[in-house]
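Just below is one structure, and these are the notes that go with it.
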Amino acid sequence: MAQQDPLYAMRHSLAHILATAVQHLWPHAKFGVGPVVENGFYYDVDLGETKLSEDDLAKVEAEMHKVIEANHPFEHFEKPVDEAIVWAKEAQQPYKEELLNDLKRAGTTVAKDLNAAELGTIAEGDSQVESVSFYKDGDFTDLCRGPHVENTGKVGAFKLLRVSGAYWRGNEKNAQMQRIYGVAFEADKELRQYLNMLEEAKKRDHRRLGQELDLFIFSDLVGSGLPLFTPRGTVLREELAKFSNELRERHGFQKVWIPHMTKKDLYEMSGHWAKFGDELFLVKSQETSDELVLKPMNCPHHTRIYASRPRSYRDLPLRYLETTTVYRDEKTGELGGLSRVRAITQDDSHAFVRHDQIETEINNLLTAANELYSTVGMELRVRLSYRDDSDAYLGDAGLWASAQDQLKNAVIANELNYFEQEGEAAFYGPKIDFMATDALGREHQVATVQLDFVMPERFGLEYSAEDDSQQRPVMIHCALLGSIERFLSVYIEHTAGRFPVWLAPEQIRLVTVNQEEETVSFADKVAAQAKDLGLRVTVDNSNESVGKKIRAAELMKVPYTVVIGEKEIRQDRLTPRIRKDMEVVAAHPELNFEEFFKTIANEAKSRVSKSSL
RNA sequence: GCCGAAGUAGCUCAGGGGUAGAGCACCUCCAUGGUAAGGAGGGGGUCACGGGUUCAAAUCCCGUCUUCGGCUCCA
């Protein structure tokens, strides 16, 4: 949000008022930073032994309201940096003192390297920082860039939402402070709308829908971050993977298969061991002295298939495709639902290409990604993820620059909406990362295309060129869904579990009006017809009222429900009940079962999201 | 891994030092039904796990596991 925005000043002022309230309640509080964030603000505080819980938020809010009612003016003034340091010492604010000292030492060059949170206290300017900015409301003075509103009464509607831990300056080696989060809007109405939106988001939470729609489970006995997929959830996984594969098979990708464990030597050679060694699962043989690891990625295995025989320039591109699970020992606190798991299924592919083939190959993959995301109805934009000048990257700097250029050219040629970011590359090469926007406007990282000159080098991959010289291929890594688990977490929330026909675990439910033999056998007979067309159909002939069975189908978000009773049996005519969210493009007044099933089968085959009934 | 919160029936949750509750789901029976809940009855829980305090622990304390909100990290 721009600093000129009136909401910005308001939220910034609220952060200040929050600090004021904390100071009133805990006079020895030490303050970190208190920036404006999306929809609100937070302040990091160090209260020594005192640990805040969510119950304390009401108390803090009440104190904030006192400050607001007092309607103090915000007095703005500046001090030279040295004087500000003296102020921080006297006020016993060590965190502010540290920031000021850093600022004095290196000016804004360093200030810009600090994350956005720190910038909240620093005046923008040229490299020489002369003075810093302060605001005072009544009895509390804070180092702060501002801007603020005129007085504490003019801050609109806010609510403190949560309190959590946060490391000082985002570094886990530093002290952990307590972060108090609030949201703020100009008026009550907007605040209420926002809180309602949060409620909506909660209803769409993929963990909740995963339970309600019977898609996946976790078991304490299996372990954290290790989801188990039910029959319904497995349909989703397989249909998605099938689509992702088809999109690449049409560009010459071939499926391969690799085992899920390997000697660690493979990763010592690839460089992954040095970088991610402590996140690998170790597997010890009880028969031999073998010490294996579960694969955390697939590229090194795939290079072994490439290297298994001499390759000619005529063989390239060589394209391997595999939807397979990798295992990463994520820190426990980072796991959550399907968004972050320890068994991660990637729709992974690796193309081994000559330099002159890079552009075409990347174009094909960008086309595939576009088709996939337009089919699932999500807006895409891409991030060009470049290296920065840290030593976290392998390989020749010249190769990096050329790779980064080629990615950018391909993205521009495909007219993709893009932005560039340094420091987001993989250690072996730059990436095109796809960000998809979901129905609630949230952006998620999904697909990725990565150019890699390093892995072929490390594994000594070669091919014989026309002039019989040995040349090095380039590897292009690609995952269109990213990880199936992560994609599902995003997609379930995007659709609120209302899957299009091609993905719906249960496409048609036949509900019998009664349990008479004639009704049930008719339902079974037409269900068999539907199954012959490859449709996923179930029959609900349970001993319940029709209303109740309709309700059950509705709750499971089944796209088509058909009630079967005397009318249907006698006339071979039906009136399907179409899930409410589905847009109907053609009205069929009278349908028989065969027409109905064929229409649905076509819908599924063409992966359309509308109902063609 | 760190800070904070939590774990009671398949699910959603109430209770809380003195032998465990509701709704839904499940099972049985009655009702044979027409597009979002028909009726009656019944089964089901070592109150996450382990240890401690106590005459007595689901309840209090400690540890472990798991989950949630964040931080950090993300090939």
Side-chain angles (χ1 to χ4, degrees), chain A residues 42 44 46 51-56 115 117 161-181 202 205 207-208 211-212 214 217-226 267 270-280 295-300 326 328-337 339-340 344 346 348 392 394 424-429 431 445 448 450 452 454-455 477 479 482-483 486 509 511-516 519 542-556 561-568 574-578 580:
Chain A
Y42 68 79
D44 283 350
D46 179 350
K51 298 294 175 209
L52 292 176
S53 74
E54 312 247 321
D55 301 335
D56 293 312
N115 76 37
L161 285 190
R162 62 180 77 98
V163 55
S164 67
Y167 297 105
W168 170 235
R169 303 183 93 167
N171 185 329
E172 63 181 324
K173 293 190 178 68
N174 288 342
Q176 190 152 37
M177 307 184 72
Q178 300 188 70
R179 177 167 297 177
I180 304 171
Y181 274 99
K202 227 185 214 171
D205 188 309
R207 292 168 293 204
R208 176 176 175 159
Q211 160 68 35
E212 288 174 2
D214 189 20
I217 58 148
F218 287 90
S219 158
D220 279 11
L221 283 175
V222 174
S224 68
L226 299 169
Y267 301 124
S270 69
H272 288 101
W273 182 262
K275 193 156 165 69
F276 298 108
D278 54 348
E279 288 175 43
L280 301 191
K295 68 179 163 80
M297 83 288 300
N298 310 306
C299 21
V326 297
R328 296 176 185 175
D329 199 1
E330 306 280 2
K331 294 178 187 170
T332 52
E334 290 160 357
L335 301 170
S339 335
R340 198 76 179 269
I344 307 154
Q346 298 176 322
D348 207 2
L394 299 180
E424 289 288 335
F427 73 86
Y428 48 72
K431 306 189 282 182
Q445 191 185 320
T448 175
Q450 311 177 2
D452 177 5
V454 172
M455 209 71 61
H477 308 241
S483 106
R486 215 189 118 66
R509 183 176 296 192
V511 167
T512 62
V513 161
N514 55 38
Q515 293 193 294
E516 280 163 17
T519 321
S542 61
N543 189 9
E544 298 290 349
S545 66
V546 174
K548 191 162 183 176
K549 292 198 270 192
I550 293 285
R551 177 179 147 82
E554 201 73 50
L555 289 174
M556 290 308 275
T561 306
V562 181
V563 175
I564 291 186
E566 199 173 345
K567 241 176 7 188
E568 286 73 22
L574 64 116
T575 315
R577 189 184 163 97
I578 305 173
K580 287 189 190 70

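Just so we're clear, the structure is a prediction, and the values are computed from it rather than from any experiment. Below, each value reflects all heavy atoms present in this structure, side chains not excepted, and no hydrogens, waters or symmetry copies. Below, chains carry the letters A, B, ... as their sequence lines are ordered, and counting in each starts from 1.
Proximity of a side-chain donor or acceptor of K431(A) to a complementary backbone N or O of A426(A) within less than 3.5 Å is not detected. For the pair R328(A) (side chain) and P296(A) (backbone), a donor-acceptor distance under 3.5 Å is present. Proximity of a side-chain donor or acceptor of T512(A) to a complementary backbone N or O of Q515(A) within less than 3.5 Å is not detected.
In this structure, NZ of K549(A) is placed 13 Å from C1' of G38(B), rounded to the nearest angstrom. The CD-P distance, from E334(A) to G70(B), rounds to 14 Å in whole Å. Nucleotide G34(B) holds its P atom 16 Å from the CD1 atom of I564(A), rounded to whole Å. Look at CE on M556(A): it is 18 Å from P on A37(B), rounded to the nearest Å. What separates CD1 of I344(A) from C1' of C74(B) is a distance of 9 Å, to the nearest Å. The nearest whole Å value for the distance from the CZ atom in R169(A) to the P atom in C2(B) is 24 Å. Between E330(A) atom CD and C2(B) atom P the separation is 16 Å, expressed in whole Å. Taking atom CG of L574(A) as the reference point, atom C1' of G34(B) lies 14 Å away to the nearest angstrom.
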Write down the protein N/O and nucleotide N/O pairs, taken from nucleotides 64-67 of chain B, whose separation is under 3.5 Å; answer none if there are no such pairs.
{"residue": "U66(B)", "atom": "O2'", "partner": "D220(A)", "partner atom": "OD1", "Å": "3.1"}

Identify each atom pair where a protein N or O and an N or O of nucleotides 3-6 of chain B are less than 3.5 Å apart, giving names and distance.
{"residue": "C3(B)", "atom": "O4'", "partner": "Q176(A)", "partner atom": "OE1", "Å": "2.6"}
{"residue": "C3(B)", "atom": "O2", "partner": "G165(A)", "partner atom": "N", "Å": "3.3"}

I'd like a table of atom pairs between the protein and nucleotides 40-47 of chain B - only N or O on both sides, under 3.5 Å - with the distance next to each one.
none

Can you give me the N/O atom pairs linking the protein to nucleotides 24-28 of chain B at distances under 3.5 Å, or say none if there are none?
{"residue": "A25(B)", "atom": "OP1", "partner": "K548(A)", "partner atom": "NZ", "Å": "3.2"}

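As judged by a 4.0 angstrom heavy-atom cut-off over every strand, K580(A) is placed among the base-contacting residues. Residue E568(A) is in base contact, counting any heavy-atom pair closer than 4.0 Å across all strands shown. Base engagement by R577(A) is indicated by at least one non-hydrogen atom pair under 4.0 Å involving a base atom. In this structure, G565(A) reaches the bases: a heavy-atom distance under 4.0 Å links it to at least one base atom across the strands shown. Counting any heavy atom pair closer than 4.0 Å across all strands shown, V546(A) reaches sugar-phosphate atoms only and no base atom. Counting any heavy atom pair closer than 4.0 Å across all strands shown, E279(A) reaches a base atom.
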**OP:** Take V513(A) and E566(A), measure what side chain to side chain contact (heavy atoms under 4.5 Å, CB included) needs, and give me the verdict at the end.
**Re:** CA-CA 8 Å; V513(A) 161; E566(A) 199 173 345; over 6 Å; no
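Taking 4.5 Å as the limit, every side-chain heavy atom of D452(A) sits out of range of all side-chain heavy atoms of Q450(A). Counting heavy atoms from C-beta outward, E554(A) and R577(A) have side chains that approach closer than 4.5 Å.
Taking every heavy atom of both residues into account, D214(A) and M556(A) meet most closely at CB-CE, 4.3 Å. Between E568(A) and V563(A), the shortest heavy-atom distance links the atoms CD-O, 3.2 Å. Nearest heavy-atom pair across Y267(A) and L280(A) is CD1-CD1, 4.1 Å. Scanning all heavy atoms of the two residues, the minimum distance from R486(A) to Q445(A) falls at NH2-O, 2.9 Å. Shown here for S270(A) and L394(A), the closest heavy-atom pair between the two residues is O-CD1, 4.5 Å. A pairwise comparison of heavy atoms in I344(A) and S483(A) identifies CG2-CB, 3.3 Å as the closest pair.
In this entry A37(B) has no Watson-Crick or G-U wobble partner, no candidate having both defining distances under 3.5 Å. As the counterpart of G43(B), no nucleotide is assigned, since no Watson-Crick or G-U wobble pattern has both distances under 3.5 Å. Judged by Watson-Crick or G-U wobble contacts below 3.5 Å, the nucleotide G17(B) has no partner. Figure legend. C60(B) is base-paired to G52(B); pairs are counted as Watson-Crick or G-U wobble with both atom distances under 3.5 Å. The partner of U66(B) is A6(B), by the rule that a Watson-Crick or G-U pair needs both atom distances under 3.5 Å. The partner of C11(B) is G23(B), by the rule that a Watson-Crick or G-U pair needs both atom distances under 3.5 Å.
Nucleotides U66(B) and U28(B) have their P atoms positioned 38 Å apart, rounded to a whole Å. A distance of about 15 Å separates the P atoms of G10(B) and C27(B), rounded to the whole Å.
Atom CD of E334(A) has more than 12 heavy atoms from other residues, nucleotides or ligands within 6.0 Å.
Candidate nucleotides C2(B), A37(B), U35(B) were compared by shortest atom distance to the side chain of Y167(A), and C2(B) ranks first. Distances from the side chain of P296(A) to the nucleotides U35(B), A75(B), C2(B) place A75(B) closest. The listed nucleotides are C73(B), U35(B), A37(B); the one nearest the side chain of S545(A) is A37(B).
No hydrogens or angles considered: nothing links the side chains of S542(A) and E544(A) as a donor-acceptor pair under 3.5 Å.
One donor-acceptor pair, N or O on each side, does fall under 3.5 Å between the base of C74(B) and the side chain of R340(A).
Along RNA chain B, the nucleotide nearest E424(A) and the nucleotide nearest V513(A) are compared for position; the residue whose nucleotide lies closer to the 5' end is V513(A). Closest-nucleotide positions on RNA chain B for E566(A) and Q211(A) were compared, and the one nearer the 5' end corresponds to Q211(A).
Between R208(A) and the phosphate of U12(B), there is no side-chain N or O to OP1/OP2 separation shorter than 4.0 Å.
Checked against salt bridge (Lys or Arg N to Asp or Glu O under 4.0 Å), R207(A) has the following partners two or more places apart in sequence or in another chain: D205(A). With sequence neighbours excluded, the residues forming a ring-ring contact (aromatic ring centres under 6.0 Å, His included) with H272(A) are F427(A), listed by chain and number.
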